[in-house]
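Accompanying notes for the structure given below.
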Amino acid sequence: MGKFYITTAIDYANGDPHIGHAYEKIGADVIARFHRLRGDDVHFLIGMDEHGQTVAQKAAERGLTPQQQVDEIAPRFRDMWSTLGISYDQFIRTTEEAHKTGVRALIKRIFDNNPDDFYEKSYRGLYCIGCESFKQASEVVDGRCVLHPSRVLEQVEERNWFFRLSKYQEFLRRVFTERPEFLQPESKRNEMLALLDQGLEDISASRARFTWGVPFPAPLSNGEHQTTYVWFDALPNYLTATGFPAKGYRDRWPADVHIIGKDITRFHSIIWPAMLQAAELPLPRRVWVHGFVLFGGEKFSKTAGVRLDLDEAIARFGVDAFRYFLLREVPFDADGSFTWERFEERYTADLANAFGNLASRVVTMVEKYTGGLVPAGVAPETHAADASDLSAYTAFLDGSRGYLLHEALRIVWNIVTRANEYAQRRQPWALAKEPASRGDLEQVLASLVRQLARLAVLVFPFMPGKAEELWQSLGGPGRAQDQRLEALLRLDPGGWRVVKGPALFPREQPSAKASSGR
RNA sequence: GGCAGGGUAGCUCAGCUGGUUAGAGCACGGCACUCAUAAUGCCGGGGUCGCGGGUUCGAGUCCCGCCCCUGCUACCA
């Protein structure tokens, strides 16, 4: 039993939760629940990134204060997470006082330990008054901002605090090479190594032009007070959530894993570790980068009309089926697609037919042939294969072979298939007709119930609701979530009383409207 | 442009250091069975392994060229 601190990216408070947010949270939730099944002391952090210009602008457009704006959005995320069954332990918001205190403490700590790591520098760039931000060369056409061509870009000079990121180049290279598990999957690690080869530039740590954020703890030499640059505000949430700088934060920090999307790899694997090193704090143990959920192979895009209504997708077959589909179909180390057709295929083939029907046929047979009482004495036949699958399952969920959640599900479905094959081969319905085969019949039924019980537990991290339903239906003691993976192979269902409930994953009526498109 | 990773059955993908008739799941067709959610099991059809050269007794697997796709190429979060 160990401690396990897992985090997801904090979501930017400028819109509603979408499938990309959901995918990451569901994946992290599976890992968190898996660790709880092992008896680990899990702490699962989720949160909101609520500072920055975009939020302030959005609020201004609506005539609200930034705080009103984010107070409105945060509950919408929380509601979605509870709908999706995300078992987070803490929901942090960067507007919380404790977070702001923590950020300032972290920066001060860098000033204390490595005073040279912050320095003042002037930054010159083209500034668009319309956007209220500096523009990159690629965003400028004919000397004008592409978004506000009627305005003239101004050459503006701003003096900021800079963080000496370049100093940590070799340190980071060592981290990447000496700790290959620090950043995964490997493709992302290679990208970051390539970035290091190019050489790191220092980054600004404060901004003058907006105030919706954490006041930077040190004034410039001219006395001006600036606002902490967004990433110096956002990234530390993982640390401030532990209570930092208050005593006791070390009980939780460092995080065991940061689960993030590929678009923010650099911030989490380069800037964040450099900040921590500068503050002389331990680095997170690993950063896992997942891909994006595409829609029919295309990126979701409001302008192109490529979108998916989360509530509609959840309503289609229920939360558990949605969780299953996303994690089965979208590899957790790469991009994948959501399509309604695929969703329906997976639901019917994997959930209704293979898994749901297995539960249904086994429970029915126990009711019919042994009066609902699970016989004692399991057969050894399926046991060895189950055991080897269980260890593969574990390796894909504990990170030792990468967090390949889709592979873990594939393994679980091997057990489902094996159970169906076993039933077909031993034909308990035929054994039931021969009084002389009573002993065989009982063994076969007990073995099938044992496999189902194992499945209920293995599937629990992915589909907690359905797992409990199945566990109850089998008459297992307590709840599925209280089981322990280590005990799974010793599981003996002898004496349990099964109860046939409604179908776990009801097949759709053929007459149901054939849905397609969006 | 540079760097990295890909292009294998209708779909999603396995195929380690080159070696018998190229595999899995889903979809599709047939058969068996009846405990089950018309479910399950078994069998089967289906691929010029991106294109063109080359090395080799032998290449999806190595080399060269070309075509196409994706990611990264740093301060919007």
Side-chain angles (χ1 to χ4, degrees), chain A residues 9-15 49-55 57 123 125 131-136 139 160 162-163 165 185-205 207 229-234 262-267 270-271 289 291-292 294 297 299 328-331 334-337 339 341-342 345-346 348-369 406 410 413-414 416-417 419-433 441 444-445 448 500 502-510:
Chain A
I10 49 176
D11 299 308
Y12 198 55
N14 68 341
D49 180 9
E50 304 187 314
H51 287 138
Q53 278 196 121
T54 313
V55 164
Q57 263 175 38
Y123 174 82
C131 296
E132 292 188 56
S133 68
F134 286 97
K135 296 277 116 182
Q136 298 300 300
E139 297 172 294
N160 301 128
F162 269 71
F163 174 64
L165 184 62
E186 201 180 343
S187 55
K188 297 303 169 211
R189 179 165 149 263
N190 290 338
E191 284 177 9
M192 292 305 110
L193 279 167
L195 207 62
L196 291 181
D197 288 341
Q198 286 177 34
L200 295 177
E201 286 176 22
D202 294 343
I203 56 170
S204 54
R207 283 292 158 86
Y229 177 57
V230 281
W231 282 104
F232 271 80
D233 170 351
K262 62 182 182 178
D263 52 335
I264 51 179
T265 309
R266 188 195 322 125
F267 301 101
I270 292 190
I271 298 179
V289 183
F292 289 155
L294 309 176
K299 276 185 186 167
R328 180 74 196 255
E329 194 73 7
V330 182
D335 292 351
S337 272
T339 69
E341 292 74 14
R342 226 23 210 171
E345 281 174 15
R346 283 279 184 203
T348 305
D350 297 357
L351 297 179
N353 294 354
F355 186 44
N357 181 60
L358 172 67
S360 171
R361 67 195 299 205
V362 169
V363 169
T364 298
M365 286 192 280
V366 172
E367 288 195 333
K368 276 192 181 171
Y369 305 147
H406 55 295
R410 190 177 57 74
W413 253 254
N414 286 344
V416 171
T417 299
N420 274 317
E421 283 168 355
Y422 178 68
Q424 192 69 25
R425 183 154 35 84
R426 298 307 308 274
Q427 308 202 8
W429 51 91
L431 296 174
K433 289 172 185 158
L441 171 67
V444 171
L445 291 182
L448 285 169
K500 176 122 184 171
L504 221 44
F505 300 100
R507 239 186 108 103
E508 294 202 302
Q509 300 305 314

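Chain naming here is simple, since letters A, B, ... match the order of the sequence lines and numbering starts at 1 in each.
- In this structure, CD1 of A:Ile271 is placed 12 Å from C1' of B:A77, rounded to the nearest angstrom.
- A:Arg507 places a side-chain heavy atom less than 4.5 Å from the side chain of A:Thr348.
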Original post:
When you check every protein heavy atom under 4.0 Å of nucleotides 23-37 of chain B, what one-letter string (B, S, -) results, 5' to 3'?
Top reply: --BS------SSBBB
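- Separating the CH2 atom of A:Trp413 from the P atom of B:U40 is a distance of 13 Å, rounded to the nearest angstrom.
- At a threshold of 4.0 angstrom between heavy atoms, the contacts of A:Gly199 include nucleobase atoms, whether or not backbone atoms are also involved.
- Looking at residues two or more places apart in sequence or on another chain, you find a side chain to side chain contact (heavy atoms under 4.5 Å, CB included) between A:Gln424 and A:Arg361, A:Trp429.
- Smallest separation of non-hydrogen atoms from A:Arg328 and A:Asp350: NH1-OD2, 3.6 Å.
- Distances shown here put a side-chain N or O of A:Arg266 below 4.0 Å from the OP1 or OP2 atom of B:U73.
- Listed by chain and number, the residues in a side chain to side chain donor-acceptor pair (under 3.5 Å) with A:Glu345 are A:Arg342 (sequence neighbours excluded).
- A:Glu201 comes within 4.0 angstrom of a nucleotide base, judged by non-hydrogen atoms across all strands.
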**OP:** Dot-bracket notation for RNA chain B is requested: 5' to 3', Watson-Crick or G-U wobble pairs only, both distances under 3.5 Å, with ( ), [ ], | and . as defined.
**Re:** (((((((..((((.....[...)))).(((((.......))))).....(((((..]....))))))))))))....
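- Taking A:Phe267 as the reference, A:Trp231 meet the ring pair (Phe, Tyr, Trp, His ring centres under 6.0 Å) condition, with sequence neighbours excluded.
- Counting all heavy atoms, side chain and backbone alike, A:Phe292 lies closest to A:Asp335 at N-OD1, 2.7 Å.
- Remark: the separation of the P atoms in B:U20 and B:C49 is 16 Å, to the nearest Å.
- Using atom C1' as the reference point in both B:G50 and B:A38, the two lie 42 Å apart (nearest Å).
- B:G46 and B:G10 have their P atoms separated by 12 Å, given to the nearest Å.
- The interatomic distance linking A:Leu196 (CG) with B:A4 (C1') rounds to 15 Å, in whole Å.
- Take A:Pro331 and apply the side chain to side chain contact (heavy atoms under 4.5 Å, CB included) test, not counting sequence neighbours, and it matches A:Asp333, A:Ala334, A:His406.
- A:Lys500 pairs by the side chain to side chain contact (heavy atoms under 4.5 Å, CB included) definition with A:Ser360, A:Val363, A:Thr364, A:Glu367, not counting sequence neighbours.
- Using a 4.5 Å cut-off on side-chain heavy atoms (C-beta onward), A:Phe163 and A:Ile271 make no contact.
- The P atoms of B:G23 and B:A4 are separated by 33 Å, rounded to the nearest whole Å.
- Using atom P as the reference point in both B:A27 and B:U12, the two lie 15 Å apart (nearest Å).
- With rounding to whole Å, A:Leu294 atom CG is found 16 Å from B:C69 atom P.
- Between B:C31 and B:C68, the two C1' atoms lie 43 Å apart (nearest whole Å).
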Donor-acceptor pairs under 3.5 Å, side chain of residues 193-201 of chain A to any protein atom, not counting sequence neighbours: which ones?
{"unit_1": "A:Asp197", "atom_1": "OD1", "unit_2": "A:Arg173", "atom_2": "NH1", "d": "2.7"}

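- Spacing between atom CD of A:Glu191 and atom C1' of B:G6 amounts to 13 Å, rounded to whole angstrom units.
- The residue A:Asp202 sits close to a base: some heavy atom pair falls under 4.0 Å.
- Counting non-hydrogen atoms under 4.0 angstrom, A:Asp335 reaches nothing in the nucleic acid.
- Nucleotide B:C76 holds its P atom 14 Å from the CG atom of A:Asp49, rounded to whole Å.
- The distance from atom CD of A:Gln198 to atom C1' of B:G2 is 9 Å, rounded to the nearest whole Å.
- Between the P atoms of B:C51 and B:U61, the separation comes to 11 Å (whole Å).
- A:Ser204 comes within contact range of at least one nucleobase, with a heavy-atom separation under 4.0 Å.
- By the ring pair (Phe, Tyr, Trp, His ring centres under 6.0 Å) test, A:Trp413 pairs with A:Tyr324, A:Phe355, sequence neighbours left out.
- Rounded to a whole Å, the CG atom of A:Asn190 is 14 Å from the P atom of B:U73.
- Taking atom P on both nucleotides, B:G58 is separated from B:U21 by 15 Å, rounded to a whole Å.
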